[in-house]
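Read the structure below first, then the notes.
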There are 2 protein chains.
Amino acid sequence: MVARFSLVELPFTGPVEPIPADRTPLELVFAHEGGRSIRVPGFWDGDDRYLVRFAPELDGRWTWLSESETPELDGWTGSLEVGPPEAGAHGPVRVAGTFHFAHADGTPFRPVGATVYNWLHQPDERRAETVDAIAGAGFDKLRFMVFPQAGGYVEHAPELLPFERDERGRWEVTRPVIAFFRRLDRAVAELGARGIQADVLLFNAYDNGRFGLDGLTEEEDAAYLRYLVARLSAFPNVWWSLCNEFDLLDATRTDERWTRMGELLAEIDPHEHLRSIHNWVRFYDHNRPWVTHASIQLGQATEDFGRASLFRDAYRKPIVLDEIKYEGDVPERWGHLEPRQLVHQFWIATVSGCYASHGESFVRDDGSLHIVAGGPLLGESPARLGFLRRILEEVDGPGLDPIDNWWDDAFVAGIPGRLYLQYLGRRAPSSWRFRLPRASASGVLRTGDRFQVDVIDTWNMTATPIDRVFELGDVQRNEAFATDAAPLVLPAGEALALRIRRVD
Amino acid sequence: MVARFSLVELPFTGPVEPIPADRTPLELVFAHEGGRSIRVPGFWDGDDRYLVRFAPELDGRWTWLSESETPELDGWTGSLEVGPPEAGAHGPVRVAGTFHFAHADGTPFRPVGATVYNWLHQPDERRAETVDAIAGAGFDKLRFMVFPQAGGYVEHAPELLPFERDERGRWEVTRPVIAFFRRLDRAVAELGARGIQADVLLFNAYDNGRFGLDGLTEEEDAAYLRYLVARLSAFPNVWWSLCNEFDLLDATRTDERWTRMGELLAEIDPHEHLRSIHNWVRFYDHNRPWVTHASIQLGQATEDFGRASLFRDAYRKPIVLDEIKYEGDVPERWGHLEPRQLVHQFWIATVSGCYASHGESFVRDDGSLHIVAGGPLLGESPARLGFLRRILEEVDGPGLDPIDNWWDDAFVAGIPGRLYLQYLGRRAPSSWRFRLPRASASGVLRTGDRFQVDVIDTWNMTATPIDRVFELGDVQRNEAFATDAAPLVLPAGEALALRIRRVD
């Protein structure tokens, strides 16, 4: 019996002379007794060894049949009996509720992400230490690159690179380095074991001519993607990020080329993982159908209220602000946020109905940064972001949506009628008058509805229930007020939020 | 000799029994001596009269040939000799510089728009009075609807409707009411004569069951569009706005149906006018290729800095905020802006690299509003928007782009190295220190560059040159400062802007 959502690996023996990796060596067609069928590509794993990895999402009997142009790999059959998942296994994360995420079994997923670009290329102990640090802080997603980083703040030279080279030194993508990709397998599995989504950056803008991996042709890029997807797709915790800062790469990589690569990803991934592409300055068109969620860098988008939510209007997909500047002490403006400011920006993202990612850029003794090489976290923001994640996980529903984005009298996110989260920002008001926004299209609030309020201190990580019930006495077209208009006196603290929940 | 950009009307005599207007009665293929050829649809204009209207954009000899399934209209030929345009004629407005607009001859166009939805359906004198008012204030675009408005604040019942009805009272789009469309011709021409672009709202959300013009089938919508485009396309000042508040219409009008209508517009318009669609709460995907510019309603988008420019990032097209709430005194939140606030929001739109439209909603003696019925303007904002337009027309280049949208240390728009416009908002600082932002990608500023500054009072409509030259002494990665760091003492005034121009 195979557990639902777990990775099933089926080995095959093929020709001793390896099939070049730009060809799919075999495919398995898995057919479920209920009628669903899925075509899963296999991949070469060294010598005469070929693997197919599959993670079933339906319980019951699956049969399979192999198809290949290579006689030794063609025409094999078999079956699987799939039963309940292991404890804590919920399947791949996908889009839910238009702007949010949930696992395949419906369990909501609230991304609070970390960033360590060159994590894969660190020694094993450093990699483990990094996972301990980010899991300990409460992060549940990690952005890291398959191809290594060169350039500023990078001291470590990788011991493994992804492909063999030909006699002229040119990359041969048809000959993957198996040790490299097995290490990638392990890395993804290590994250999965700690409940962390692997936001895999397939290409990046930081090669700087050092490795030449940003200079592959479109056909070579495609061969690499086919190989990588066949290897990793059955890991439940994989997300595909097509490129980091895609608009920094050279002009041969047009938006149309990225679109073809993104559409290829959508076509070849049997497990339908999330797909995005991340910008430097110029945005990709996240309305393209292959893009499942917008992965955005824009320093100012979370610096004040009323901004990030506009991306929801424009894209009608989940918005993940995957670079909002980093906590640290480098001179560049992307890398010296005060921790309170970074936490503030995460809360602005939250009440904008969006998600954000963290990064840390203190210059360490070895000259590198956490966003490059990982290691222990030094900053003060991670613990507060772990606290934010706990608040998000208490939301009973797909996620927090801005209640009324049309004007800026107040920025409040929630689930209309049931839950409201208002973040008061860094102005530290001494009191707050109970008020709920109401979009004109929403008729969920009525006179007599009763609410309970928690005061959340986002920095000191406390959520304190207020011993008072607020009953709606005045429900207007766009806002509702309590019968008892006495203001709520707020404790000292510059970054308070209010969680307002319906009392049934 | 025909003047370039002028409307040429060629009349034809066809069958006495009119060809139903859902069929194009004839097309003229115009061939320019230089090789370019354009296919222009004709239309029925009553009785046995058929017209083809064409506005040539190339000087020289054009020959034409008629094609029709109707023998009387088929096979006619002729020619035109086209010469220089009349004074002030610049041709249709199209997209220029990605985010801006220019006429066909390259003359920049800076939209500062007005809104009078039911203007077409008012008596002639009222219509003329409205044009006088908006032209006098300095507006250069008018949004108005082809189909009449019903519902709140609408007292006037139109004397003309666009189609005949059948015996069951159902609209027959195959039988246009010629008097209605001749009136529309005149209306567009009246605006053109005053230098005002006609932003023609082809469909709208305000029928409210009164006329039933929002209940046509997709085929009927298409027949109406073909007829309207054939009639109006040769007017140089036409813009197509597919629908106002499209998302308020019923569920049969899916986004896919709007897309098909928009693509039809792009296909059938030989003069390639601007095309947009305007939302209520939910946005259309303005990244669709048929959309030339994003026409957006969002109350909060111009209430503060750092917002509207995000739509530039998302769409990479001109952004026209065609509803940012109105100056007036109605109780609804869309209609009681203070004039200073509306002017403030236009300036925020400007330094966000976007454009906005005005509307006025004071309740008049007859119970209507200017945005519905027109008439004289009562508010204090129009004169200030005319002033803003004059400032925009002094820009030497495609338009103002945010210099560095990445962080919010300052929001400044301009043309890097040459012109900077910084709006200081309503905070009324008493002094300003010379500083220019510098996007990391831009290397245009150098030590020793010299600049002159005008202080603009956006409310009092003055631009005062400062008798001082600022020379750059400290050019950093993302900002540049003057050698003489003494702050500029600002005059009193809550909504000042600084225009900073390079001294050559």
Side-chain angles (χ1 to χ4, degrees), chain A residues 98 247-248 255 279-289 291 294 296-317 319 321 323-325 331-334 337 345 352 402 404-411 437-442 476-479, chain B residues 98 247-248 255 279-289 291 294 296-317 319 321 323-325 331-334 337 345 352 402 404-411 437-442 476-479:
Chain A
T98 307
D247 49 321
L248 272 173
D255 283 21
N279 67 289
W280 172 54
V281 164
R282 187 172 61 77
F283 284 36
Y284 181 81
D285 173 6
H286 300 295
N287 276 323
R288 295 270 184 182
V291 177
I296 288 173
Q297 169 178 194
L298 183 65
Q300 61 104 319
T302 54
E303 285 184 17
D304 206 347
F305 294 93
R307 297 177 184 175
S309 63
L310 304 196
F311 292 131
R312 292 173 39 116
D313 294 324
Y315 298 127
R316 298 191 63 74
K317 294 178 180 179
I319 307 299
L321 299 151
E323 195 172 331
I324 60 171
K325 302 188 282 192
E332 294 89 344
R333 62 180 178 171
W334 49 256
L337 279 189
Q345 293 187 194
S352 302
D404 178 15
N405 187 43
W406 195 85
W407 67 348
D408 80 1
D409 190 52
F411 291 105
R438 193 166 183 251
S440 54
S442 140
Q476 301 180 7
R477 179 180 160 91
N478 295 119
E479 44 198 341
Chain B
T98 305
D247 48 323
L248 271 174
D255 283 22
N279 67 289
W280 171 55
V281 165
R282 188 171 60 77
F283 284 34
Y284 182 81
D285 173 6
H286 300 296
N287 276 323
R288 295 270 182 181
V291 177
I296 288 174
Q297 170 178 191
L298 183 65
Q300 62 104 318
T302 55
E303 286 184 18
D304 207 347
F305 295 93
R307 297 177 184 175
S309 62
L310 304 196
F311 292 131
R312 292 172 42 113
D313 294 324
Y315 299 126
R316 298 192 61 76
K317 294 181 181 178
I319 307 299
L321 299 152
E323 195 173 331
I324 61 170
K325 301 188 283 192
E332 292 89 345
R333 63 181 178 173
W334 48 257
L337 280 188
Q345 292 187 195
S352 302
D404 178 15
N405 186 44
W406 194 86
W407 67 349
D408 81 1
D409 190 50
F411 291 105
R438 193 165 185 253
S440 54
S442 142
Q476 302 182 6
R477 179 180 161 89
N478 295 119
E479 46 198 340

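Order of the sequence lines sets the chain letters (A, B, ...), proteins ahead of strands, with each chain counted from 1. Remember, predicted model here, so these are calculated numbers, not experimental data.
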What part of B:Tyr284 is in contact with chain A, defined as an atom under 4.5 angstrom from a non-hydrogen atom: side chain, backbone, both or neither? neither
Measure A:Arg316 against the heavy atoms of chain B and call it side chain, backbone, both or neither at under 4.5 Å. side chain
Excluding sequence neighbours, so at least two apart, what forms side-chain hydrogen bond (donor to acceptor under 3.5 Å, both in side chains) with B:Asp313? B:Asn405
Return the set of residues passing salt bridge (charged side-chain N to carboxylate O under 4.0 Å, His left out) with B:Arg312 (not counting sequence neighbours), or none when no residue passes. B:Asp401
Chain B: which of A:His286, A:Arg288, A:Arg282 shares the most heavy-atom pairs with it under 4.5 Å? A:Arg282
In plain terms, say whether B:Glu332 and A:Arg477 are close enough for a salt bridge, that is, a side-chain N and a carboxylate O under 4.0 Å apart. no
Is the distance between the ring centroids of B:Phe283 and B:Tyr315 less than 6.0 Å? no
